[in-house]
Q: 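Below is one structure. I have some questions about it.
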Amino acid sequence: MEYKPSDFETKWREKWLKDKIYSAGLIDSNTKKFYSLYSFPYPSGDGLHVGHVEGMVANDIVARYYRMNGFTTIMPMGWDGFGLPAENFAIKTGVHPHIKTEESVANFIEQINKVGIGVDWDKEVGTHRADYYKWTQWIFLQLYKKGLAYKKLAPVNWCPKDQTVLANEQVIDGKCERCDTLVEQKEMSQWFFKITDFADRLDKDLERVDWPEGTKQQQRNWIGKSEGTKVKFKVEGEFTSTLPGEIEIFTTRLDTIFGCTFLVVSPENQVIEKYKDVIRNISEVREYVKAAKNKTDLERQMQKEKTGVELMGVKAINPFNQDRLPIFVADYVLNTYGTGAIMAVPAHDERDNEFAVKYNLPVFPVIAKEFGEPKPNEQFVDGVSLVLFNKQNGEYGFIKHKNGFVGLVSGGISDNEDYYQTAKRELMEETGLWDYESIHKLGEVVYAHYYHSGKKINRFAKTQGMLVVLNSAQKKELSLEEHEVGFELVWLSPKEIIESYNAEGTKHWQEILLRGVRLTKNLGLDTKTKIENFPENLFTGKGVLVNSFKKPFRFDYVKSVIVIKEPLIADSDLERLQDKYKISYNRFGYWQGVDFLKTDNSLFIVGYDLKEKDELFIEFNSLNIKWENVFEYVSSAEIYKFSNSTTKEPVNDINLTKSENELLEFIFSKAEIDYSQKSSDTATSEMQDWLLKNELGEKTILYKLRDWLVSRQRYWGAPIPIVYDPEGNIHPVKEEDLPLLLPEDVDFKPTGESPIKASKSFKEIAESKYGKGWYFESDTMDTFVDSSWYFLRYIENKNESEIFSLPKFLPSVTNSESNKSLYQVLETLVGKFAEQKVDYAVFGSVAVSLLNRSPHKELGDIDFFISKDSIDTAKKILETIGCNFESESENLYVTLKNDQRGQILAFKKGDLEVELIEVEWDKKIWEQRVLVPFNSSIAYIAPLNSLINHYKRRENTQLINFLEAQNTQANLWLPSDLYIIGTEHTVLHLLYSRFFTKFFFDQGYINFDEPFTKMRHMGLILGPDGRKMSKRWGNVINPTDEVNTFGADTLRMYEMFMGPFEEAKPWNNRAENGVFRFLKKVWELKDRVKTEMINLEVAKKQEVALHKLIKKVSSDIENLSFNTSVAKFMETVNYLGEFEFVKKDLFEILLKLLAPFAPFITEELWSILGNSYSIHQSSWPEAREELLKDETVKIAVQINGKVRGTIEVSTEALEWEVMAMAKEEKNIAKYLDGGIKKIIYVKGKILNIVV
RNA sequence: GUCGGAGUGGUGGAAUGGUAGACACGACGGACUUAAAAUCCGUUGCCCGUUUCGGGCGUGAGGGUUCAAGUCCCUCCUCCGAUACCA
């Protein structure tokens, strides 16, 4: 008989359905279960896709494998029935979406059965059916009750041509997908779910699930947790004092705050209107704000350049250094994130830099690059490294050391030298070069951590790069000493040297050298060096802080101090001058200023000149005089002037009194605040502390995640169960009125409002139930709401009175508590239990036992039970408090004497112990379940099932019953064990499902808070042409066609064989045919089956092959590595095909192993061989270890790592035996003449001989 | 730009740091056939030496660690997916 799938596939399909072999009944806490979950499809008119088949077959194989391994298994199926396509179809044809959807469902069921997916159809759900969406609405009401569903104005995508609201997916490049009209934003009042309350848990709990790392990462990105700081900037008028209120900004880079040169607020920020009276250009500002608000998303995206307007007349004060900063409004700052205001640090942020460059604002670097990692006991050194450029010939000068290493001329700073002085000195000392034209700083200093191998110490080096431009290479003679040291000056092209500075300790030189070359090129001196990858001008990374200090007077920028003896100036005049020339709008950039300070007999005028080119005039004695010339006008003035901004030495000598000297010293005094030289991280946390102490800011955690907009102005969705009174007030629909049915008397044509709104019947029902003038909400819910809980409904899909059976005692947390840590939640609950006079309660997967409700009441001894997984922790704690304990079997029992209770409470308060608890609690609560004393009561927690077993031993029936009651079917079946879902659902569906699960958990409905323990994505199946399957390309493969040509088994196995399950792969009909040929071989093997084999050696060989197959297939299924399983099947069947006969019991093992992959052919052959129905209810074979080990093995013999031959040796052979055999091999022996250096022998693997 | 994932024969893809290319498709040669299809047998990474056999090269590129690297580390390139003024 030939292999013809159509001969028997229908027969078995019908029998399986009739016998319900895939259905599971109720389970209890002793059941081993497996819940195989496939993401339920949208029942589209196009029918089942090969991608669905791929996922379902994978789910099915794993489910069948676990079933055969004795697990009670379900694989339910359902329909994500609400959605746009059915509604669009209705708009076009007038066919009601319900009819169309159910039609498609019937088609899907037919197709799924054809593929042989073992679905438990008794558990089918459809989100569009009233018995399902009744509970979707019920969930809405529960969320509403807890304050987690609310209504607010929000923009929607509006197509002005179609007069309709569009979903985000319907907007393509800012245009309507149907008519290409530009989409507008329109404000409408809409419903939201407060998922943001759960942001932290949604982020943190990702640690606990077994999901693809990439998907977890995408969820994290979506939630967008970012830790930063809010900082308050006081606001001042231009020439007036502090204005009320402040601008609060959010930053993740507090360490850069000394580089802040302006503030930016979003157009929507209220501070604009708040300071409207002092903003001089308010009308210009308002115009900008209006224009920004009118921009569509598309326009904002298209706009490349940043725009903004300064708020003239107001300044913000940097709390760290009192800099007066200009404030801008610009639409690159979003009002919806953070505080809607930022501190701009153009030196260390790309966007701020772009803005600053455009508006010519100062850029002030405060973070220096840091190379290497901090090391212990570092020696700090401060110095310069020189890039020498010879103008004459365009060559660069380096120092070549004795050992051949070519380095930059470098040296440390001595005494009070500045960098220029050091550079000159080192140049002379090390090279003798003297004929320099100019010396330039190469940007900011750089820091490097490295090990100095010569001095054998760790170093932390601060290095200023300097460029020395030389007129010529003329040298003075160096002292003899220097020659002896072995330096040699060499002139090179820098290119290859730059590449060699790649290691620790020289990497910062690479940076300096590159900066040097760039500067010479920018100065037009070097025209021949060709280097492309110069370091970024803008450094956005973390590093070491520089220039981050506040001094009363900034020595670095003081140009000169004028001392006027016996000044003739009135105090009021002085104040006026102080105000007028108030210094330091900024200490950098174009703002300049003058400080006026008075001692008993002198006036000090401290002049800052920051950009030397600008002239500074001041008003003095009614004269507007040039700063430089003040002393010419004031006879008693003496000027204390400095040669350059880094030297303290005065140009002229003047005699100062003691108090004047003190004042001068004060001007040059050390910083009050100085974060320089600290790492970004250290500085950030120290700055946060400082802000907190001074009440100027605080640490803040922000999330990108926004609340979930669930309103849809559509017909084909679950109606939102809200009713409005005639005044428009919101009321929840009464639970007994659920389901709130979708009305039938509607026109599907889009109007911009939900089609339901015009329904007469809908209105009538509202009025009859709630009163005249009352009306229902006409929006329906986002279909993601429907699909966020379907996996829970499967279990009890026919339960009419409850969403699913709920535990008898429902501890629940209120909204305000829902985002607390579990510790806090439990603590609250304990209080609640106490009020309700319950001794025991179950919360989550742990039981809480209250041992003492009233702290002052005398109690007897208390029994503690600690589960085995937390014994070590518990012992540690108990030892600390001096408590007696004994180990009994696996668990630990503790009797706590009454007088030790106080110790426990004290132990909670003690330093060390508190730390212990908190660490254990936060990190590992679900695993550790440590002993937990609560504030006024003592409670302990333990896993539910261990607790039940514990009380069974103690025969406490009442408690056992109570605890067992928590074992609802939902709690027993979920979380699901394997969830297979497409990559398109990496964010929203999975996130929303997790949100709902956490909400249910908080309400006590369920005892788990993550729904999908293990989740995997099936890879995309591409068309035969390598493109994504699409009607447009005509490359769609229809699974039913494939079943008709090749049979379901071939389709299933081929899809598994195509490639790694989780990767994208193209369809190939010919390869599919190869799988058919394989199944045919299996089919034909049945004619060679023999119960008893005459040739025992052959029997043994076959047995070994089959047991290896068992091992491979079992582990492959567990790892979802189906393609390699199929390959192994093929290999084994090809091998069996070599023999005349196949042993019957071994062939039956093959059938069992193959059954999950190819259920039809295996059932047929199983039956032909006379076995009892059904193979799918038989048990999985076990691999016998002794058959898996080979006696001999072929190992490779390598010479110097290259394979030169193979020898067959016993698996247990010793090195000398193997070596002896290897030496006999001709091809190996010829390499051994030169003598053997080393032998590496890995038993059963390889022999490598080094010669 | 940022974050993920991936680069291996003509193709889909195998390979706990231990003989790269399992298994399959295709191609080539042969058998059967009047012929074709189907089926079966053999060959098949590239290059060199006539062959058994031996040698060289080879997992996106370049470095490194190791007795030994597709696999581990560093730098870079390409493709796919996600996201984007998120401070």
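Model, not experiment: these values are computed from the prediction. Naming convention: chains lettered A, B, ... in sequence-line order (proteins, then strands); numbering from 1 in each chain.
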Q: If I take atom CZ in residue A:F1078 and atom C1' in nucleotide B:rC25, what distance separates them, rounded to the nearest angstrom?
A: 16 Å

Q: Please work out if A:P1060 contacts a base, only the sugar-phosphate, or nothing of the nucleic acid, heavy-atom cut-off 4.0 Å.
A: sugar-phosphate

Q: Using a heavy-atom cut-off of under 4.0 Å over every strand shown, decide if A:T1124 touches base, sugar-phosphate, or nothing.
A: sugar-phosphate

Q: Could you give the distance separating B:rG9 and B:rC46 at their C1' atoms, to the nearest angstrom?
A: 9 Å

Q: Which heavy atom of A:L263 sits nearest to which heavy atom of A:M343, and what is that distance?
A: CD1-CA, 3.9 Å

Q: Distance between the C1' atoms of B:rG62 and B:rC48, in whole angstroms?
A: 27 Å

Q: Any donor-acceptor pair under 3.5 Å joining the side chain of A:K1128 to the base of B:rC23?
A: no

Q: Think A:K225 forms a cation-pi with A:Y703, using NZ or CZ under 6.0 Å from the six-ring centre and within 45 degrees of its axis?
A: no

Q: Tell me, do A:L1020 and A:T983 make a side-chain contact under 4.5 Å, heavy atoms counted?
A: no

Q: Using the six-membered ring of A:W211, assess whether NZ or CZ of A:R994 lies under 6.0 Å from its centre and within 45 degrees of the ring axis.
A: yes

Q: Where the side chain of A:Q217 is concerned, which of B:rG4, B:rA6, B:rA22 is the nearest nucleotide?
A: B:rG4

Q: Just compare B:rG54, B:rU16, B:rG26 and give me whichever is closest to any side-chain atom of A:R1070.
A: B:rG26

Q: In Watson-Crick or G-U wobble terms, both distances under 3.5 Å, what is the partner of B:rG81?
A: B:rC3

Q: Does A:N1073 make a side-chain N or O approach to OP1 or OP2 of B:rG26 shorter than 4.0 Å?
A: no

Q: Please confirm whether the shortest side-chain N or O distance from A:R1077 to OP1 or OP2 of B:rU39 is below 4.0 Å.
A: yes

Q: Whether A:N1123 contacts B:rA14 is assessed here as follows: a side-chain N or O lying under 4.0 Å from the phosphate OP1 or OP2. Is that the case?
A: yes

Q: Taking only side-chain N and O atoms of A:K1238, does any of them lie within less than 4.0 angstrom of OP1 or OP2 on B:rC67?
A: yes

Q: Does OP1 or OP2 of B:rA87 have a side-chain N or O of A:R253 closer than 4.0 Å?
A: no

Q: May I ask you to say what A:G224 touches in the nucleic acid, namely base, sugar-phosphate or nothing, with a heavy-atom cut-off under 4.0 Å?
A: nothing

Q: Rounding to an integer number of Å, can you tell me how far A:L988 CG sits from B:rU83 P?
A: 9 Å

Q: Do A:N1123 and A:V1126 come close enough that some side-chain heavy atom pair is under 4.5 Å?
A: no

Q: I'd like to check A:F1157 versus A:V1113 (side-chain heavy atoms, cut-off strictly below 4.5 Å). Are they in contact?
A: yes

Q: Side chain of A:E1063 only, please: which of B:rG18, B:rA6, B:rA87 is the nearest?
A: B:rA6

Q: Heavy atoms from C-beta onward define the side chain here; which of B:rA87, B:rG18, B:rA6 lies closest to that of A:T252?
A: B:rA87

Q: Mind checking if A:Q1198 touches a base, just sugar-phosphate, or nothing, with heavy atoms under 4.0 Å?
A: base

Q: Which label fits A:F355 and A:Y359: parallel for a plane angle under 30°, tilted from 30 to 60°, or perpendicular past 60°?
A: tilted

Q: With P as the reference atom in both, quote the distance from B:rG13 to B:rC25 in angstrom, rounded to an integer.
A: 16 Å

Q: Please give the distance between the P atoms of B:rA69 and B:rG17 as a whole number of Å.
A: 15 Å

Q: Grab the CZ-C1' distance between A:F262 and B:rA87 for me, whole Å please.
A: 12 Å

Q: Could you please name the option among B:rC85, B:rG54, B:rA87 that lies closest to any side-chain atom of A:Y332?
A: B:rC85

Q: So if I take every side-chain heavy atom of A:F1057 and compare against B:rA87, B:rA22, B:rG12, which nucleotide ends up nearest?
A: B:rG12

Q: If you measure from the C1' atom in B:rU33 to the same atom in B:rA38, how many Å do you get, rounded?
A: 11 Å

Q: Mapping A:V1250 and A:A1071 to their closest nucleotides on RNA chain B, which lands nearer the 5' end?
A: A:A1071

Q: Consider the side chain of A:K1065, meaning its heavy atoms from C-beta on, and name the nucleotide among B:rC3, B:rG12, B:rC23 that approaches it most closely.
A: B:rG12

Q: Tell me if a side-chain donor or acceptor on A:S548 pairs with a main-chain N or O of A:L545 at a distance below 3.5 Å.
A: no

Q: To the nearest angstrom, how far is A:M1058 atom CE from B:rU11 atom C1'?
A: 13 Å

Q: For the pair made of CG in A:N1200 and P in B:rC67, what is the distance, rounded to whole Å?
A: 12 Å

Q: Between atom CD1 in A:I1228 and atom P in B:rC67, what is the gap in whole Å?
A: 21 Å

Q: Kindly say if A:R1204 contacts the phosphate of B:rU19, meaning a side-chain N or O under 4.0 Å from OP1 or OP2.
A: no

Q: Strictly below 4.0 Å: does A:N1134 bring a side-chain N or O up to OP1 or OP2 of B:rA24?
A: yes

Q: What nucleotide among B:rA24, B:rC3, B:rU83 has an atom nearest to a side-chain atom of A:W222?
A: B:rU83

Q: Sticking with atom C1', work out how far B:rG29 lies from B:rC79, rounded to a whole angstrom.
A: 38 Å

Q: Contact class for A:A1064 (heavy atom, under 4.0 Å): base, sugar-phosphate, or nothing?
A: sugar-phosphate

Q: Looking only at heavy atoms, what is the nearest atom pair of A:A1222 and A:V1197, with distance?
A: CB-CG1, 4.3 Å

Q: Check the distance between B:rA68's P and A:K1243's NZ and give it to me in whole angstrom.
A: 24 Å

Q: Taking only the side-chain heavy atoms of A:N1227 (C-beta and beyond), determine which of B:rU19, B:rA82, B:rG55 contains the nearest atom.
A: B:rG55

Q: Have a look at B:rG9 and give me syn or anti from its glycosidic angle (syn if within 90° of zero).
A: syn

Q: By nearest atom, which of the nucleotides B:rU16, B:rU19, B:rA14 is closest to the A:A1196 side chain?
A: B:rU19

Q: Identify, between A:G1205 and A:K507, the residue whose nearest nucleotide on RNA chain B lies closer to the 5' end.
A: A:G1205

Q: Contact class for A:N221 vs. all strands (heavy atom < 4.0 Å): base, sugar-phosphate, or nothing?
A: sugar-phosphate

Q: Roughly how far apart, to the nearest Å, are B:rA15 and B:rG45 at atom C1'?
A: 16 Å

Q: Using OP1 and OP2 only, check whether a side-chain N or O of A:K1202 sits under 4.0 Å from B:rC57.
A: yes

Q: Is A:V1242 touching bases, backbone alone, or none of the nucleic acid, heavy atoms closer than 4.0 Å?
A: base

Q: Looking for any heavy atom pair under 4.0 Å, which part of the strands does A:S226 touch: base, sugar-phosphate only, or nothing?
A: sugar-phosphate

Q: Roughly, in whole Å, what's the span from CD in A:Q219 to P in B:rU83?
A: 13 Å

